Number of protein chains: 2
Amino acid sequence: MESIQVGDFRFLLDLSKPLYEQVLQHIRHAIARGDVQLGTKLPSVRDLAQQLKLNPNTVMRAYQELERNRLTETRRGQGTFITSDSETVNQVKKALASEAVIAFVSAMEKLGIDRSTAESLLKEVAWHE
Amino acid sequence: MESIQVGDFRFLLDLSKPLYEQVLQHIRHAIARGDVQLGTKLPSVRDLAQQLKLNPNTVMRAYQELERNRLTETRRGQGTFITSDSETVNQVKKALASEAVIAFVSAMEKLGIDRSTAESLLKEVAWHE
DNA sequence: ATAGTGTATTAAGTGATATAATACACTTGT
DNA sequence: ACAAGTGTATTATATCACTTAATACACTAT
């Protein structure tokens, strides 16, 4: 596996999930983490496609999903820009975190693992902060 | 959505994931939770297929995956039986729990959420034990 | 003008999933 | 011996999501 650096972003693609989804998530996470400055321009669709060796349509799909989440804004003829509204970023971040929490709790319930046991399991895991 | 009861199992299928995977997970979770007695016989491939309105091949695929996990044993001409080895069940349960924990921690890391914040989020969730 | 943006369209290819129709090997009960 | 019920294998077909490809168009900046 080789990771590819494009601008502020580092991409590591595999075949486990749809490519457009991986591109979407890489950028979304970078924004949520605060790794990229708000208001800055994303690589152009064609640029990113070429560097990641993907079809422009595939990158396009990721970009459109980002805009649907209001994480980016499109300016015709100029490019796609990360939103400058930190509140939007926080909302998205919170929503994604909530999804992950719900998925975890759901998984524990399906396995019949109670709360205290689940908390013990969590503590056993190395946690890089 | 309508859930279908077959023997000791309750199935609720949708189109969000492969059908064979959903069948697999329903049975696997039932075993992990201890909802079914060890050593008992699963519905026959044809029976389950008919009741779930699936193709026998689809059910077959789920059953083969269960056997790969050693959660079931096949006796030619007799049927597919849940393992009697509770240790195997515990191992699988632990492995699945571990996967879920890792997925959760990974999600938090990707979002740049630290441990204490993640724990707070977990506490906000209603937890049916 | 020219080059660089996002965007839309149409076509084609690929792979995973699911169904369908059969056939075979084995076990149990009669 | 036979029939019925098991798991299993094979071949074919259909569908759908994803991806690529090749163009074309509208807009913006230099």
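Remember, predicted model here, so these are calculated numbers, not experimental data. We name chains A, B, ... by the order of the sequence lines, and we start the count at 1 in each one.
- One atom, CD of Gln64(B), and another, C1' of dA18(C), lie 15 Å apart when rounded to the nearest Å.
- Contact check of residues 71-83 of chain B against DNA chain C (heavy atom, cut-off under 4.0 Å) returns Arg76(B), Gly77(B), Gln78(B).
- The two atoms that bring Gln5(A) and Gln51(A) nearest to each other are O-OE1, 4.2 Å, heavy atoms only.
- For the side chain to side chain contact (heavy atoms under 4.5 Å, CB included) criterion with Leu52(A), the lone passing option out of Leu19(A), Thr58(A), Val6(A), Asp47(A) is Val6(A).
- Within residues 52-61 of chain A, the residues that place at least one heavy atom under 4.0 Å from DNA chain C are, in residue-number order, Asn57(A), Met60(A).
- Between the NZ atom of Lys17(B) and the C1' atom of dA18(C) there is a distance of 17 Å, rounded to whole Å.
- Judged by distance alone, the side chain of Thr72(B) and the main-chain N or O of Glu67(B) form a donor-acceptor pair under 3.5 Å.
- Defined by atom type and a distance below 3.5 Å, a donor-acceptor pair is present between the side-chain atoms of Ser116(B) and Asp114(B).
- Classification of Arg115(A) and Glu119(A) as a salt-bridged pair holds, one side-chain N sitting under 4.0 Å from a carboxylate O.
- Listed here is the closest heavy atom pair of Ala32(A) and Lys93(A): O-NZ, 3.4 Å.
- A donor-acceptor contact closer than 3.5 angstrom is absent between the side chains of Gln25(A) and Lys110(B).
- Computed from coordinates, the Leu19(A) CG to dG13(C) C1' distance equals 15 Å when rounded to whole Å.
- A side chain to side chain contact (heavy atoms under 4.5 Å, CB included) with Gln22(A) is found for exactly one of Leu54(A), Leu15(A), Leu13(A), namely Leu13(A).
- Proximity of a side-chain donor or acceptor of Asp14(B) to a complementary backbone N or O of Ser16(B) within less than 3.5 Å is detected.
- When the C1' atom of dT5(C) is taken as reference, atom CD of Gln50(A) falls 15 Å away, rounded to whole Å.
- Glu65(B) places its CD atom 17 Å from the C1' atom of dG7(D), with the value rounded to the nearest Å.
- With rounding to whole Å, Lys41(A) atom NZ is found 12 Å from dG4(C) atom P.
- Between the CD atom of Glu67(B) and the P atom of dG7(D) there is a distance of 11 Å, rounded to whole Å.
- One finds no side-chain N or O of Gln22(B) lying less than 4.0 angstrom from the OP1 or OP2 phosphate oxygen of dA18(C).
- Taking atom CG of Leu48(B) as the reference point, atom P of dA18(C) lies 14 Å away to the nearest angstrom.
- Side-chain atoms of Arg46(A) come within donor-acceptor range of the base of dG6(C), with a qualifying N/O pair under 3.5 Å.
- Remark: Tyr20(B) is in phosphate contact with dT17(C), judged by side-chain N or O atoms under 4.0 Å from OP1 or OP2.
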